[in-house]
Structures are given as C-alpha cells and as structure tokens.
Amino acid sequence: MSAISDAEFLRLLKKDIDYFGRAIDRFEDLIPRVCAPVQDQWRLQAQSRRNFTLELEILLDKAEQCVTASMRAGKNGGRSDSAVY
C-alpha cells in the first residue's frame, strides 16, 4: 500500500470508530425508554457493540504501528529494524 492509501485507511478507520462510539451512546440513551425485558436485551447488544469498538481500536493501533514501521523502512532504504506486528 502507498503512504496515501495507508493514511486514507487510518483516517477512515478513526472516523468509523468515532461514529460507531457515538451511535452506541445514542443507543444506550434509548434503553430506559423501553420495557424491562427489552432493556436487558438492549444492554447485551450495547455491550457487544462496545466490544466491537474496542476491537476496531486495537486494529487501528496495529495499523498505525505497521504504517510507522513501513515509513521508517522506506526512509532507511528498505531496511526494517522494527518487529513484525
């Protein structure tokens, strides 16, 4: 991937994570407005979505590390002294 593609991927991933987090917040705001049996299910769904958001954040961290290592390797003439992630 080129540096431009990498930067675009990271920008979109950050944007998606932010959007997803705000959507979960709005979803959780609705929980008190529904009947008790539905609230339990919605809480489980909200937790599942929070877990997915955390996984996206981990993906973002790893992607940023790869891009940084790739940029460093490019500046060192193709040599990479960083660990593989």
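As the structure is a computational prediction, the values presented were derived from the model and not from experiment.
Partner of I17 under the side-chain contact (heavy atoms from CB on, under 4.5 Å) criterion, chosen from L54, T53, L59: T53.
Checked against salt bridge (charged side-chain N to carboxylate O under 4.0 Å, His left out), R43 has the following partners two or more places apart in sequence or in another chain: D40. For E64, the salt bridge (charged side-chain N to carboxylate O under 4.0 Å, His left out) partners are K14, not counting sequence neighbours. Judged as a salt bridge (charged side-chain N to carboxylate O under 4.0 Å, His left out), and not counting sequence neighbours, the contacts of D25 are R50. Applying the salt bridge (charged side-chain N to carboxylate O under 4.0 Å, His left out) rule to R11 yields the partners E8; only residues at least two apart in sequence or on another chain are considered.
Hydrophobic cluster membership for F27: L30, I31, V34, V38, W42 (Ile, Leu, Val, Met, Phe, Trp, Tyr linked by side-chain heavy atoms under 4.5 Å, directly or transitively).
Sorted by first then second residue, the ring-ring contact (aromatic ring centres under 6.0 Å, His included) pairs that include residues 48-74, not counting sequence neighbours, are F20-F52.
Atom CG of L56 is separated from atom CG of D61 by 11.0 Å, given to the nearest 0.5 angstrom. Distance NZ/K15 to CG/L10: 14.5 Å, rounded to 0.5 Å. Distance check: L60 CG to L12 CG gives 11.5 Å after rounding to the nearest 0.5 Å.
Here the closest non-hydrogen pair linking A46 and I24 is O-CG2, 4.3 Å.
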Side chain to side chain donor-acceptor pair (under 3.5 Å) between N51 and Q47, intermediate numbers included: CA-CA 6 Å; N51 291 343; Q47 184 58 49; 3.0 Å; yes
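No more than 12 heavy-atom neighbours from other residues, nucleotides or ligands sit within 6.0 angstrom of CZ on R33.
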